[in-house]
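None of the values given here were measured: they were computed from a predicted structure. Quick note on labels: first sequence line is chain A, next is B, and so on, each numbered from 1. Because only heavy atoms are used, hydrogens play no part in the values below, and waters and symmetry mates are left out as well, while side chains stay in.
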Amino acid sequence: AQSVTQLDSHVSVSEGTPVLLRCNYSSSYSPSLFWYVQHPNKGLQLLLKYTSAATLVKGINGFEAEFKKSETSFHLTKPSAHMSDAAEYFCVVSDLDGGSQGNLIFGKGTKLSVKP
Amino acid sequence: NAGVTQTPKFQVLKTGQSMTLQCAQDMNHNSMYWYRQDPGMGLRLIYYSASEGTTDKGEVPNGYNVSRLNKREFSLRLESAAPSQTSVYFCASSPLAASSTDTQYFGPGTRLTVL
């Protein structure tokens, strides 16, 4: 069965410094992987997704993630944090088993704080 | 383009009361989903509907029922609410039926408190 682990529950950075949110996955197959963002009291929005094409995936708002099969990782990065990036980020793997294909399995989330 | 809409936005129930959460999408998507979000738990799938006329259990279906009324609408019913069902509920939809590469689009959520 697929699973995903977000290694940090909370990350705090200063505005203008790099962001790194870490995610490891477990899958018997070549998975589809996603990062979603949730701003306070809002729904979830897709940042980017990996579906077995290029291993470096670019998303919205300057975020990108690199799929590393050897490390079973899909870390999210951004070169320079902005105050508006403060939110909760979810790493997600898509279930590939039979009839439930397409169901998402969520990590527990990483809350990103950005200090001025 | 409204996307995925949910009603109500907030609800307070007493233990044992029933209610239905409504969800509708206007994107002609095939699949629809109900999740609950609890602090430190991420989102967990309650039920899903891969296409009109079908529904299946997710990870945490106990205490809930669903109806895929038509292609647009997917409702979630709590027959006898319990305090453990206090949560934020999200509805989502995706274009295809049962595709591992599909993007899901989320509604704004319903905050439910059961006293």
Side-chain angles (χ1 to χ4, degrees), chain A residues 1-10 21 23 25 27-54 57 59-60 67 87-111, chain B residues 2-7 9-10 21 23-25 27 29-51 53-61 87-111:
Chain A
Q2 293 81 36
S3 66
V4 63
T5 301
Q6 291 184 244
L7 299 167
D8 307 291
S9 59
H10 191 197
L21 305 183
C23 173
Y25 70 91
S27 176
S28 302
Y29 309 93
S30 183
S32 294
L33 292 158
F34 307 76
W35 277 98
Y36 279 83
V37 61
Q38 184 181 29
H39 288 92
N41 299 313
K42 300 287 187 187
L44 282 79
Q45 180 185 19
L46 180 71
L47 270 181
L48 50 83
K49 70 177 180 181
Y50 166 77
T51 58
S52 75
V57 183
I60 60 172
F67 174 72
E88 189 155 22
Y89 292 79
F90 294 94
C91 183
V92 183
V93 64
S94 184
D95 196 338
L96 297 173
D97 289 333
S100 64
Q101 195 175 45
N103 293 347
L104 300 181
I105 299 165
F106 283 76
K108 294 188 185 328
T110 298
K111 193 160 289 188
Chain B
V4 180
T5 57
Q6 294 182 234
T7 56
K9 285 188 167 48
F10 301 92
L21 281 64
C23 173
Q25 51 90 10
M27 298 175 282
H29 286 175
N30 283 295
S31 297
M32 298 186 73
Y33 309 81
W34 276 106
Y35 294 89
R36 60 177 289 172
Q37 183 180 29
D38 302 295
M41 299 290 291
L43 274 71
R44 293 180 293 169
L45 183 65
I46 305 171
Y47 270 93
Y48 67 99
S49 170
S51 60
T54 69
T55 61
D56 284 287
K57 295 178 180 179
E59 180 185 353
V60 289
S87 189
V88 182
Y89 291 86
F90 287 99
C91 178
S93 69
S94 62
L96 303 176
S99 166
S100 63
T101 63
D102 222 5
T103 297
Q104 290 188 17
Y105 297 82
F106 286 81
T110 295
R111 290 185 176 273

Exercise. Got a sec, which residues hit side-chain hydrogen bond (donor to acceptor under 3.5 Å, both in side chains) with A:E88, two or more places apart in sequence or on another chain?
Worked result: none

Exercise. If you look at every heavy atom in A:K49 and B:D102, which pair is closest and at what distance?
Worked result: NZ-C, 4.1 Å

Problem set entry | chain A contact via B:Q37 - side chain, backbone, both or neither, heavy atoms under 4.5 Å | side chain

Seminar exercise, completed: Rounded to the nearest 0.5 angstrom, the CD-CZ distance for B:Q104 and A:F34 is 7.5 Å

Problem set entry | B:L43 vs A:Y36 side-chain heavy atoms within contact, under 4.5 Å | no

For this session: Report the distance from atom OH of B:Y105 to atom CG of A:L46, rounding to the nearest 0.5 Å.
Result: 7.5 Å

Exercise. What part of A:K42 gets closer than 4.5 Å to chain B, counting heavy atoms only: side chain, backbone, both or neither?
Worked result: backbone

For this session: Under 4.5 Å heavy-atom distance to chain B, tell me which part of A:Q38 shows up: side chain, backbone, both or neither.
Result: side chain

Problem set entry | Gap between atom NZ of A:K108 and atom CG of B:D38 - 0.5 Å precision | 10.5 Å

For this session: Name the region of A:L44, side chain, backbone, both or neither, that has any atom closer than 4.5 Å to a heavy atom of chain B.
Result: both

Exercise. To the nearest 0.5 Å, what is the distance between OH (B:Y33) and CG (A:L104)?
Worked result: 6.5 Å

Exercise. Measuring heavy-atom distances to chain A, does B:R44 have an atom under 4.5 Å in its side chain, in its backbone, in both, or in neither?
Worked result: neither

